[in-house]
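Take a look at the structure below.
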Amino acid sequence: MIQEKLLSICPAAVFEENTQWPTMNIDSAEWRKLAEALKNENDLAFDYLFCVTCVDWKTHLTMVYHLSSTLHRHTIVVKAKIADRNNAIIDSVYNIWATAELNEREAYDLFGVHFTNHPDLRRLFLSEDWVGFPLRKDYEDPINMIKL
Amino acid sequence: MDVKTQDPRATFPGEVHPTPGGGILVSKLDDVINWARSNSLWPLVFGTSCCAIEMMSTASAKYDWSRFGFEVARATPRQADVIIIAGTIVNKMAPVLKRLYDQMPDPKYVVAMGACATSGGPFFYNTYSVVKGADHVIPVDVYVAGCPPRPEALLHALISLQAKVKAGK
């Protein structure tokens with residue numbers, strides 16, 4: 001029934017079967033709209049964003065958001081596909097879940113994903129003058145990295 | 001653990017000649033200083049990852065490195081004689097490690113504990129952030145193998161360091 005509800009918000013969403021948590025795949029353009037619904041709808045009420053990460057598939061990037069609700073005790077995983085690797089853009093959700101502010105900075109730091117409307121998008125762990133995004137699959141560092 | 005208690009007179013670098021009303025001690029000042037130093041090596045509280053857990057275990061009651069003179073771990077490099085690099089050194093940590101080493105008073109000794117500190121260990125290949133061995137940053141006296149090494153291995157390394165100090169090297 002939650003699945004039907006989510007499909008009414010995001011008709012193009014694809015759900016994965018036999019996963020640890022219900023997983024929905026969407027396009028990055030739909031993320032902001034879906035995020036607001038996940039937080040604000042009373043029967044969804046996902047008030048806790050407990051993991052934000054990124055996956056580099058070499059052809060595209062995927063932002064993965066793990067959400068749960070402290071009210072209903074349910075969990076969902078949202079995977080937002082960013083088709084353009086070279087110009088990776090997705091909406092920030094820092095004003096829906098405050099924890100996203102730092103998590104998105106981390107994803108920017110290591111994967112080079114640009115979050116629109118993020119208040120303070122700069123490097124988190126690496127130095128300010130670092131060139132490149134080290135967790136991307138095509139990252140090269142001839143000085144510090146020994147390739148196997 | 002079975003540990004032989006040793007009479008400290010057996011390891012003292014010198015000879016005692018008993019005479020009526022006291023005795024005469026024959027030794028070399030350098031040897032006495034090194035003997036004293038080796039039995040009072042104070043480590044710096046420094047641990048960057050899981051090796052530090054084994055180091056804490058070595059300090060705790062079961063292994064008790066106080067028996068060998070590593071009595072008190074010092075929280076400031078200015079009072080420490082030996083730094084045990086217990087864990088991975090990343091590029092961001094390297095200047096901090098160098099500064100800690102520079103702040104330690106002479107004579108100072110370095111133990112590289114575990115695979116990360118000796119060579120980068122599991123982070124040797126395909127890592128952009130890890131220093132491939134702490135000896136790229138500071139000189140190392142004793143290397144310990146293991147990931148992480150058992151407390152016995154660390155104790156053996158520290159006793160090897162004592163032998164090195166006693167030999168005046």
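Every chain is numbered from 1 and lettered A, B, ... according to where its sequence line falls, protein lines coming before strand lines.
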Practice prompt. Give me the ring orientation class for W57(A) and H60(A): parallel if the planes are under 30° apart, tilted from 30 to 60°, perpendicular past 60°.
Written response: parallel
What donor-acceptor contacts under 3.5 Å connect chain A and chain B, backbone and side chains included?
from, atom 1, to, atom 2, distance (Å)
F125(A), O, K92(B), NZ, 2.3
N144(A), O, K132(B), NZ, 2.7
I146(A), O, N126(B), N, 2.7
L148(A), N, N126(B), OD1, 3.2

Worksheet item: Taking atom types as modelled and ignoring hydrogens, do the side chains of N117(A) and S92(A) form a donor-acceptor contact shorter than 3.5 angstrom?
Response: no
Worksheet item: Hey, are R105(A) and E101(A) close enough for a salt bridge, meaning a charged N less than 4.0 Å from a carboxylate O?
Response: no
Item to complete: Check step by step if side-chain contact (heavy atoms from CB on, under 4.5 Å) holds for N87(A) and I89(A).
Response: CA-CA 6 Å; N87(A) 187 25; I89(A) 295 173; 3.6 Å; yes
Discussion item. Can you confirm whether or not the ring centre of W31(A) sits under 6.0 Å from the ring centre of Y65(A)?
Written reply: yes
Discussion item. Check the orientation of W21(A) and H66(A). Use parallel for under 30°, tilted for 30 to 60°, and perpendicular for over 60°.
Written reply: perpendicular
